[in-house]
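Following: one structure in structure tokens, then a few remarks.
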Protein chains: 2
Amino acid sequence: MRITLKDIAKELNLSASTVSKALSDSYEISAETKKLVKEYAAKHNFRPNKIAQNLKTGRSNTIGVVMCSISNNFVAQLLDGIQTASEAGHYDIIIMQSRNLESLEKQAIEVLRMRGIDGLLLVPMASNSSEKELKELQAAGIPVVIVDRTFHSLDTHKVGANNFYGAYQATKHLLERGKKNIYHLTVKGLGVSEERLKGYNAALEEAGIPVNPAQVIAIDQSTGRSVEELIKEAIHPLLASATRPDALFCATDEITSRTLGILADLAVVVPQEIAVIGFSNTPNANALNPALSAVVQPARLMGEIGVLKLNELMKSKNKEVEFETIALATELVIRKSSL
Amino acid sequence: MRITLKDIAKELNLSASTVSKALSDSYEISAETKKLVKEYAAKHNFRPNKIAQNLKTGRSNTIGVVMCSISNNFVAQLLDGIQTASEAGHYDIIIMQSRNLESLEKQAIEVLRMRGIDGLLLVPMASNSSEKELKELQAAGIPVVIVDRTFHSLDTHKVGANNFYGAYQATKHLLERGKKNIYHLTVKGLGVSEERLKGYNAALEEAGIPVNPAQVIAIDQSTGRSVEELIKEAIHPLLASATRPDALFCATDEITSRTLGILADLAVVVPQEIAVIGFSNTPNANALNPALSAVVQPARLMGEIGVLKLNELMKSKNKEVEFETIALATELVIRKSSL
DNA sequence: TTGTACGCGTTATCAG
DNA sequence: CTGATAACGCGTACAA
């Protein structure tokens, strides 16, 4: 068992409250007593019981994080940023996954709430998912910050990337490279992908190229089949068709890497036959076949700013705050796959 | 504010303890009362305050996880497995990073302990890091399971991969492909890499090839310089030398991917000029240049088993347990880089 | 079958 | 400057 305030009090012939105050440097305690208590505490390796502190104070110094998945590069980097920033702010974080299921998302929020978090960082799975639960949380004085999916309906701070402009830039780059028939590969039901599609469309329109819905291919992950398979099925007929693309714009990390792998398998020469560019945060972009040109999201920064904004809200309890939506700039890194 | 036991009690003209018992299905409460209470609780969305429960019961239903880093594929997958398994066991997890610093590792353990975790899952940074703190934890009845780094000195369950055999297999594969001059690229001070080196050596010895220390190149990350740079510096002279390698065995995920990228930059044709194989859990192995042959660790499984073993220890409080060290089989996936 | 009293470890209030 | 007391929300002997 570990030593408690009471133990110290008994040993030193003081009261528990005096010890408590001494340890928290209260002005009402004499320097002498403070020294005595602190030395004893240090010597016996006393650590206050957080649980009891939490119960008493109503705060937990913990922020909850709910994300769709944790095993992809973007999210791993995001988490890294969140971790770093919360350490700096002396917050602990509890991480839960929603696995892209609203039921799990709701459950995760509920679990975190029961645990007594001081704030929530959420990568929501859809545009108004868990809205009721989130509003309840806010009503209970627990602030929420939305990360990545800035299109979510909740009224609060939101931090994401400028998906529109990132996609616009990438598409424009392909156009500047002389590509005429650019396909857009994306996934169904992923919120951020809509902005990316708009960016793609905007670049085409600006170049005077009519937007052709047939050039937009949306992978449906809800089928339960692997993304790899689905992309293959989508790409095969394309290669044989009269309207064979000369460039592919891939809207997500996974699609981008997989597409590159599939094209390599098919011995399609990238970028000579087909150029490829996409959103990706893989640290291996250089080692891909060929080195991948990519729109890179500032994932770590996103996590850090998310924590920062949450911190603001947690400090400014009850004050009226003007909520903002922050769109961080993406970075277009040109390597070989798009040249 | 949220509704408490007392509120329900007052509203229903019962005592708090009756309500508490009713909700936990105590045999001493009448079916009638139970129904009444439960319905009221459900209707008013009552959730017991975990903090209070924890304080009372001394358990928190939380397991702490401390790992070196969270932004690499292996760890992300490991975390995913841990998450999955702890959800199944109705445990929440708190994740902290040690960033490969023993001071941070100790601190993380301390923070988790103060938070009142029921068990700890640790990927230790060195062979006897934080041993004192871990022993204290165990002495306080909080079990610890070591993950990945099974060479750690603590007496407890340990779950890792069979690094020796994985490396042995990979090296043997290179030998079977006729490679004569296989170099080993590794990092300094990473515990698991030692076993991998032994596996490499064993395969060479078995083939009657004398082990040559000059063929082992250890990257020193403590310099603060990037792994990319360091590998470049190591590889450049090699390529020009009389003893130019015909194969590289890379001991870690990062080294493997980076090496592939560097060789591509240098226009060294893999595997014709130099074959490459290594430990890697990247999901993009197919898309690498060329498709990467790799020793894959069962990271998710490792996480799940870690939680399982921890669960065993948490249940069997005080009982004598025979600690075991589990070495999970790796998988050798041959693609193009080693052919 | 239900209620009372107490304690988990801490902090806050108030009295001395 | 220090100490007694109450309280946070819950669970549990024990009493009724």
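What's counted below: heavy atoms across the whole structure, side chains too, no hydrogens, waters or symmetry copies. Sequence lines set the chain letters: A, B, ... in the order given, protein chains first and strands last, and positions in each chain run from 1.
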For A:I51, report the nucleic acid contact type (base, sugar-phosphate, nothing); a contact means any heavy atom under 4.0 Å. nothing
Name of the residue among A:V65, A:V75, A:I70, A:L104 meeting side chain to side chain contact (heavy atoms under 4.5 Å, CB included) with A:Q97: A:I70
For the side chain of B:S20, starting at C-beta, report the closest nucleotide among C:dG9, D:dC10, D:dG11. D:dG11
Name the nucleic acid region contacted by B:E28, choosing base, sugar-phosphate or nothing; use a 4.0 angstrom heavy-atom cut-off, strictly under. base
Among the nucleotides D:dG11, C:dC8, D:dA7, which one has an atom lying closest to any side-chain atom of A:K56? D:dA7
For A:L5 and D:dA7, give me the distance from atom CG to atom P, rounded to whole Å. 20 Å
Length of the CD1-P vector between A:I29 and D:dT2, whole Å: 5 Å
Integer-rounded Å distance: D:dT2 P and A:I8 CD1: 16 Å
Whole-Å distance separating the CG atom of A:N54 from the C1' atom of D:dC10: 15 Å
When you measure from the side chain of B:N49, which nucleotide among C:dT1, C:dG9, D:dG9 comes out closest? D:dG9
Report the distance from atom CG of B:D25 to atom C1' of C:dT1, rounded to the nearest whole Å. 15 Å
Of B:L120, B:V144, B:V123, which meets side chain to side chain contact (heavy atoms under 4.5 Å, CB included) against B:V66? B:L120
Between P on C:dT10 and CG on B:L55, what's the gap in Å once rounded to a whole number? 9 Å
Between B:E105 (side chain) and B:N100 (backbone), is there a donor-acceptor pair under 3.5 Å? no
Between B:N13 and A:K50, name the one whose nearest nucleotide on DNA chain C is closer to the 5' end. B:N13
Can you find a side chain N or O atom of A:Q53 that sits less than 4.0 Å from OP1 or OP2 on C:dT11? yes
With the side chain of B:S17 defined as its heavy atoms from C-beta on, choose the nearest nucleotide among C:dT1, D:dT2, C:dT4. C:dT4
Of the nucleotides C:dT2, D:dT2, D:dC10, which has the atom closest to the B:S30 side chain? C:dT2
Contact class for B:D7 vs. all strands (heavy atom < 4.0 Å): base, sugar-phosphate, or nothing? nothing
When you measure from the side chain of B:S15, which nucleotide among D:dG11, D:dT2, C:dG3 comes out closest? C:dG3
Distance check: side-chain N/O of B:T57 vs OP1/OP2 of D:dG11, anything under 4.0 Å? no
For the side chain of A:S316 and the backbone of A:E312, is there at least one donor-acceptor N/O pair under 3.5 Å apart? yes
Suppose we call a contact any N or O donor and acceptor under 3.5 Å apart; does that hold for the side chain of B:K21 and the base of C:dG3? yes
What integer distance in Å separates B:R59:CZ from C:dC8:P? 17 Å
A:A16 vs A:K6, nearer the 5' end of DNA chain C by closest nucleotide: A:K6
Base, sugar-phosphate alone, or nothing: which one does B:T33 contact when heavy atoms must sit under 4.0 Å apart? sugar-phosphate
Which heavy-atom pair separates A:I8 from A:Y40 by the least distance, and what is that distance? CG2-CD2, 3.8 Å
To the nearest angstrom, the CG-C1' distance between A:L23 and D:dT2 comes to 15 Å
What I want to find out is whether B:K43 reaches B:E39 closely enough, with some N-O distance under 4.0 Å, to be called a salt bridge. no
